[in-house]
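Every value quoted in this text rests on a predicted model; they were computed, and no experiment measured them.
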Amino acid sequence: MSTYAAAFPEDPDFPMAEVSTPWCYSHAVTEADSRGAGEYQLTVWGRCLQSMDGSVRELRLPVNRLAELPPPAGFAAAAALVLAEGAPGPRPQRVRIVEFALLDGRIRTVFEGSRDEALALYRLHGRTALAELLDGRQYRPGAVCAGCPYTAACPVLRRAPGLLEANRPGRTRRWWSVTNGRNHRACPARDQMRRLHLPAEDGIDRSAAAERGRALHAYLAERHEGSRPRPCTARVPEQWVPEGFHLPEQERALGAALLRGHAAVCPMRLVRDASDVRSEPRVVRYDTEAEVVVVARPDLLYRDDGVWVWREIKSTTRDRGARSLLEHYPQLALAVLLLAREDLGGRPGGARIELEVLRPGGADLELVDPFDSAIRAEAGRVVKDLVDPWIGDEDYPPSPGTACTRCETARWCSSGPAFPAAR
């Protein structure tokens, strides 16, 4: 890759070579400790290089783009320990850890120093961070469950056999979300490239309108979270945009207008306390018949008089189209399938789905009854139309067309501009 070569030009006076085996730090204890372990091993991922004489070790970490803040101190300290003390090979005199942004070729040094300085950093930050990680007892179900060898014994990954109503199971266990289903329908290659976390073009993936939508969600999530959820009002702060988002003046003004419309339908008037609110939670279910871990992330779950309500919040400057709600917003269809199973608990038969659409002229609130037989049948059809082509696909071929000009992963595609011979 040209950006990589430009970021790390070869130095003929001090060449570096990639090691064949990544370094691994091992620590054996004389007696099994409170965790029941007799030995600990810690390794690193990324490009591992060293000088010809082994006196310098370097770890190059590929990332999509450099975050505003560097990695946590505990992360850098643990990686520095592996470089300073890991086998195979002689212990180095100096170590260096650097991030490399695949999208634009920028680099950032995470740590650089002597072996003693690396060990001192570990004693200061790494030991505590690793202990907290090892002693953690929190389960975090998500897409990673698809590749976890302990899925069968996991006490928190809930089973939902037949949820997707797929025509056949996949050959291997994989994960699926509505977003991935829509990506696959548009272009199988695009879906696969997003799953591989290849860098997306900021001008497309992070357009002004897309950033405004993310900023609105972040603002509302902050308002709806906390120990004392409070209803939103029409008094929107002039500087409402959350930290980390950068919007042009026109989008900031439009966002404020949309938030004022939200105040009329804010659901926080219906909740008692923080126990009744889940802002942007992950809802993860394992369809054992399809061999698919299903991941959904509603914008908000809240409890109204003992009934769980699934709310999706969208913002747009357009009028509603002719398509049905479930076809236009397939995440509502998946919500119907989940709630029709009484999946979230609460008072039986009372769960509902709400679609809040923020427009410059005000907010629209649509209700969807997951127990209506016609709605339930339509939801099953919408989800099946997304799942069935994906679940049998093992090649993920590109689907070239006019949409390629607005594809955020086109630079990595075999039919994209970087591979003219393949077209």
Would R194 and T409 count as having a side-chain donor-acceptor pair, cut-off 3.5 Å? no
**OP:** Over 60° means perpendicular and under 30° means parallel, so classify the ring planes of H184 and Y396, tilted if in between.
**Re:** perpendicular
Sequence neighbours excluded, the answer for side chain to side chain contact (heavy atoms under 4.5 Å, CB included) partners of A189 is C187, M193, P398
Salt bridge between R297 and E312, side-chain N to carboxylate O under 4.0 Å? no
Is any side-chain N of the basic residue among R60 and E99 closer than 4.0 Å to the acidic one's carboxylate O?
-> no
I want to check something: taking the side chain as every heavy atom from C-beta on, are N180 and R195 in contact at a cut-off of under 4.5 Å?
yes
Closest non-hydrogen atoms of D276 and W308, given as atom of the first, atom of the second and distance, are O-CZ3, 3.8 Å
Checking the side chain of D287 only, and the main-chain atoms of L163 only, is there a donor and an acceptor separated by less than 3.5 Å?
yes
Are a donor atom and an acceptor atom from the side chains of S324 and E378 found within less than 3.5 Å of each other? yes
Residues passing the salt bridge (Lys or Arg N to Asp or Glu O under 4.0 Å) test with D393, sequence neighbours excluded, are none
query: Sub-3.5 Å donor-acceptor pair from the side chain of T128 to the main-chain atoms of H125, do we have one?
result: no
Inset, instruction - Check whether the side chains of D116 and S114 place a donor and an acceptor atom closer than 3.5 Å, and report yes or no. - result: no
Subject >> Minimum side-chain heavy-atom gap E112-R94 below 4.5 Å >> reply: yes
Less than 4.0 Å between a side-chain N and a carboxylate O, is that true for R341 and D343?
no
Would you mind writing out the side-chain donor-acceptor pairs for residues 65-90 within the sub-3.5 Å range, not counting sequence neighbours?
unit_1, atom_1, unit_2, atom_2, d
R65, NE, D202, OD1, 3.2
R65, NH2, A200, O, 3.0
R65, NH2, D202, OD1, 2.4
E85, OE2, R115, NE, 2.9
E85, OE2, R115, NH2, 2.3

A210 meets the side chain to side chain contact (heavy atoms under 4.5 Å, CB included) criterion, sequence neighbours left out, with S207, R214
query = Does atom CD of E222 have more than 12 heavy-atom neighbours from other groups under 6.0 Å away?
reply = no
message: With a 3.5 Å distance limit and no angle check, can you tell me whether S51 reaches the backbone of F14 through a side-chain donor-acceptor pair?
response: no
For F8, the ring pair (Phe, Tyr, Trp, His ring centres under 6.0 Å) test, sequence neighbours excluded, returns Y4, F100
Pairing of R96 and E58 as salt bridge, 4.0 angstrom limit: yes
Point to revise | Any side-chain donor near an acceptor of the partner, E356 and H262, under 3.5 Å | key: yes
Nearest heavy-atom approach of G392 to R174 is N-NH2, 4.5 Å
Exercise. Kindly check if the number of other-residue, nucleotide or ligand heavy atoms within 6.0 Å of CD (E238) is above 12?
Key: no
Sorted by chain and residue number, the side chain to side chain contact (heavy atoms under 4.5 Å, CB included) partners of P281 (sequence neighbours excluded) come out as R278, P298, L301
Check your understanding: Does any donor atom in the side chain of Q192 or R190 lie under 3.5 Å from an acceptor atom in the other side chain?
Key -> no
| In terms of side-chain heavy atoms, does E354 have a donor or acceptor partner in Y302 at a distance below 3.5 Å? | yes
